[in-house]
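Here is the structure we will look at, set down as structure tokens.
Numbering of residues begins at 1 and proceeds along the displayed sequence.
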Amino acid sequence: MNINIEKVDNSTIFKLEGRLDTVTAPELEQVINNEGEALENLVLDFGGINYISSAGLRVLLGTQKKMNAQGSMELINVSEDVMDILEMTGFADILVIK
């Protein structure tokens, strides 16, 4: 997976490409943790994500909990296939998706 980070005002945008699965989820989690307390508004751009597994969902849930305490988190550009997974698992109800 490729992760490109862009800062715009008080938002940090993570542009993700590839699969968010058992192999790549720890990498995303590590990058998010490295940003730490500096994250105020986290935007995850899923425009390049074509698959998400339960490991990826776990990272999203943990990150959402962290961001609820220090700012906000939203997903943008979610593909239809990934949106189907988020809806089936109930994550679409707890995440901000635009």
Side-chain angles (χ1 to χ4, degrees):
M1 171 173 35
N2 291 324
I3 303 171
N4 294 308
I5 302 172
E6 179 181 334
K7 297 191 186 272
V8 178
D9 298 324
N10 63 345
S11 295
T12 305
I13 303 166
F14 283 56
K15 294 185 179 185
L16 309 174
E17 294 178 13
R19 297 170 54 96
L20 185 49
D21 57 20
T22 306
V23 174
T24 60
E27 177 186 356
L28 177 60
E29 186 172 38
Q30 181 65 41
V31 171
I32 290 170
N33 287 338
N34 287 346
E35 291 292 316
E37 301 298 319
L39 292 174
E40 186 175 334
N41 298 308
L42 175 60
V43 178
L44 298 175
D45 186 340
F46 267 48
I49 295 291
N50 52 26
Y51 174 79
I52 186 168
S53 73
S54 60
L57 293 172
R58 182 190 59 77
V59 170
L60 289 182
L61 184 61
T63 303
Q64 179 67 60
K65 287 180 181 179
K66 174 183 177 178
M67 293 310 300
N68 282 345
Q70 70 186 53
S72 66
M73 180 180 105
E74 67 182 40
L75 277 62
I76 61 171
N77 300 322
V78 178
S79 73
E80 200 172 307
D81 290 339
V82 172
M83 190 64 185
D84 287 344
I85 294 168
L86 295 175
E87 288 174 346
M88 284 189 288
T89 58
F91 276 67
D93 296 331
I94 59 172
L95 299 173
V96 176
I97 303 171
K98 295 183 178 182

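- Residue I52 holds its CD1 atom at 9.5 Å from CG of L16, rounded to the nearest 0.5 Å.
- Residues M73 and L95 have side chains in contact (heavy-atom distance under 4.5 Å, counting atoms from C-beta outward).
- Cluster annotation: V78 is connected to L57 through the hydrophobic network of ILVMFWY side chains, with a link wherever side-chain heavy atoms come within less than 4.5 Å.
- The two residues M1 and E27 have their closest heavy-atom pair at O-OE2, 3.7 Å.
- Side-chain contact check for F14 versus I32: some heavy-atom pair is nearer than 4.5 Å.
- Residues L86 and L75 meet the side-chain proximity criterion, which asks for heavy atoms closer than 4.5 Å.
- For D9, the CG atom sits in a loose shell: 12 or fewer heavy atoms of surrounding residues, nucleotides or ligands are nearer than 6.0 Å.
- A donor and an acceptor atom, one from each side chain of N68 and Q64, are located under 3.5 Å apart.
- The line from CE of M83 to CZ of F91 is 13.0 Å long, rounded to the nearest 0.5 Å.
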Derivation of the side-chain contact (heavy atoms from CB on, under 4.5 Å) call for D45 and E6: CA-CA 11 Å; D45 186 340; E6 179 181 334; over 6 Å; no

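- Transitive grouping of hydrophobic side chains (ILVMFWY, heavy atoms separated by less than 4.5 Å) brings I85 and L61 into a common cluster.
- Once rounded to the nearest 0.5 Å, the distance linking CD of E74 with CG of L42 reads 9.0 Å.
- The shortest distance between side-chain heavy atoms of I3 and T24 does not fall below 4.5 Å.
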Dump the intermediate steps for side-chain contact (heavy atoms from CB on, under 4.5 Å) on N50 and D81, then the final yes or no. CA-CA 7 Å; N50 52 26; D81 290 339; over 6 Å; no

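- Minimum interatomic distance between Y51 and V82 (heavy atoms only, all atoms of both residues): N-CG2, 4.0 Å.
- Electrostatic pairing of K66 and E29 does not count as a salt bridge here, judged by no charged N lying under 4.0 Å from a carboxylate O.
- You'll find the side chain of I49 stays beyond 4.5 Å of the side chain of L44, heavy atoms only.
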Carefully, step by step, assess V59 and L20 under the rule side-chain contact (heavy atoms from CB on, under 4.5 Å). CA-CA 9 Å; V59 170; L20 185 49; 5.6 Å; no

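- Between A92 and I97, the shortest heavy-atom distance links the atoms CA-CD1, 3.9 Å.
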Quick one, L60 with F46, criterion side-chain contact (heavy atoms from CB on, under 4.5 Å). Give me CA distance, side-chain angles, the key distance, then yes/no. CA-CA 12 Å; L60 289 182; F46 267 48; 4.0 Å; yes

